[in-house]
Number of protein chains: 2
Amino acid sequence: MADYDHPASESLTLLGVLRGLADPIRLEIVQHLGSVPEASCAALLGDRPRSSMSHHFQVLRESGLLHTRIQGVQHFNSLRKADLDERFPGLMEAILAG
Amino acid sequence: MADYDHPASESLTLLGVLRGLADPIRLEIVQHLGSVPEASCAALLGDRPRSSMSHHFQVLRESGLLHTRIQGVQHFNSLRKADLDERFPGLMEAILAG
DNA sequence: GATATTGTTCGATCAAAATCGAATTAAACC
DNA sequence: GGTTTAATTCGATTTTGATCGAACAATATC
């Protein structure tokens, strides 16, 4: 499968990031990824429908919060912490502390 | 007119605050209030309909971002910076820098 | 009291986003 | 090739939120 294209860090907007975070499921995903280097979609699934989660992963990717690395059949997600820190200093630290 | 009741700082949630910020008009209001001690609704109005702005002020109040002080016929709005800093350290600094 | 000013509330409409089952893609493995 | 596993895409539905005119409330001023 082809790789996803992730937005460049320069093109990230604060509003976009805030929109990405403004959902309970996505905030939970982000906070979970703050404490682990990466996690497969399955590992983040819980008992929710896969198609719903796929939607949230897409939103998180498009807002620049998440990077998805494809390895075989698995998709490994990680926080784009370095990019976010560079672009919005202090933001993720505050989010992950919450 | 009776005062508004603002949520106690202990009852603020990160998700609630993020939802409050996840709108272009509200983010603009918040960022503007970051650089000024307080501002009346009229001062923040721009050329938008009053009823739309009233809605956004309400959302901002309910999420704990904004405090509204009533003086005569005017409503003076201010950022609840101290409460937000106490509850979510570093968050507003990152938002206001953006 | 009449009028102007400031801002809210109501209610209807519109737009955006979440939800999720079913079908699909893609890799891995036998 | 057939099957299992991981995750997405499609499409329909539902839910949530934004928008904004009209009516209203409250204060100030003449």
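Note on naming: letters A, B, ... go to the chains in the order of the sequence lines (proteins, then strands), and numbering restarts at 1 for each one.
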Next on the checklist: If I take atom CG in residue B/D3 and atom P in nucleotide D/dA25, what distance separates them, rounded to the nearest angstrom?
Outcome noted: 19 Å

Checklist entry - Looking only at side-chain N and O atoms, does A/H56 come under 4.0 Å of OP1 or OP2 in C/dA17? => result no

Next on the checklist: Check the phosphate of C/dA18 against A/S52, side-chain N and O only, distance under 4.0 Å to OP1 or OP2. Yes or no?
Outcome noted: no

Item to check | Between P of C/dA18 and CZ of A/R50, the distance in whole Å | outcome: 20 Å

Next on the checklist: Pick the closest DNA chain C nucleotide for A/P49 and for A/V73 by heavy atoms, then say which residue is nearer the 5' end.
Outcome noted: A/P49

Checklist entry - For B/E93, does the CD atom sit with more than 12 other heavy atoms under 6.0 Å from it, leaving out its own atoms? => result no

Item to check | Rounded distance in Å - NE2 (B/H75) to P (D/dA25) | outcome: 15 Å

Checklist entry - Closest to the B/S51 side chain: C/dG21, C/dT9, C/dG7? => result C/dT9

Item to check | Side-chain donor-acceptor pair present, A/H56, A/R26, cut-off under 3.5 Å | outcome: yes

Item to check | Distance flag, aromatic centroids of B/H75 and B/Y4, threshold under 6.0 Å | outcome: yes

Next on the checklist: Using a 4.0 Å heavy-atom cut-off, does A/F76 contact any base of the nucleic acid, only the sugar-phosphate backbone, or nothing at all?
Outcome noted: nothing

Checklist outcome for this item: All heavy atoms of B/L66 vs all of B/H6, minimum pair found to be O-CD2, 3.5 Å

Checklist entry - Please give, in whole Å, the distance from C/dT9 P to B/M53 CE? => result 15 Å

Item to check | Value in whole Å for how far the C1' atom of C/dA17 lies from CZ of A/R26 | outcome: 8 Å

Next on the checklist: Minimum heavy-atom separation for A/R80 and A/S9, please, with both atom names.
Outcome noted: NH2-N, 3.7 Å

Checklist entry - The side chain of A/D23 lies closest to which of these nucleotides: C/dA22, C/dA18, D/dA6? => result C/dA18

Item to check | Spacing between B/R48 atom CZ and D/dT19 atom P, to the nearest angstrom | outcome: 8 Å

Checklist outcome for this item: Between CG of B/L21 and P of D/dG17 the distance, given in whole Å, is 15 Å

Checklist entry - D/dT8 phosphate, OP1 or OP2: any side-chain N/O from A/S54 under 4.0 angstrom? => result yes

Item to check | Nearest-Å distance for atom pair CD/P, residues B/Q58 and C/dT8 | outcome: 9 Å

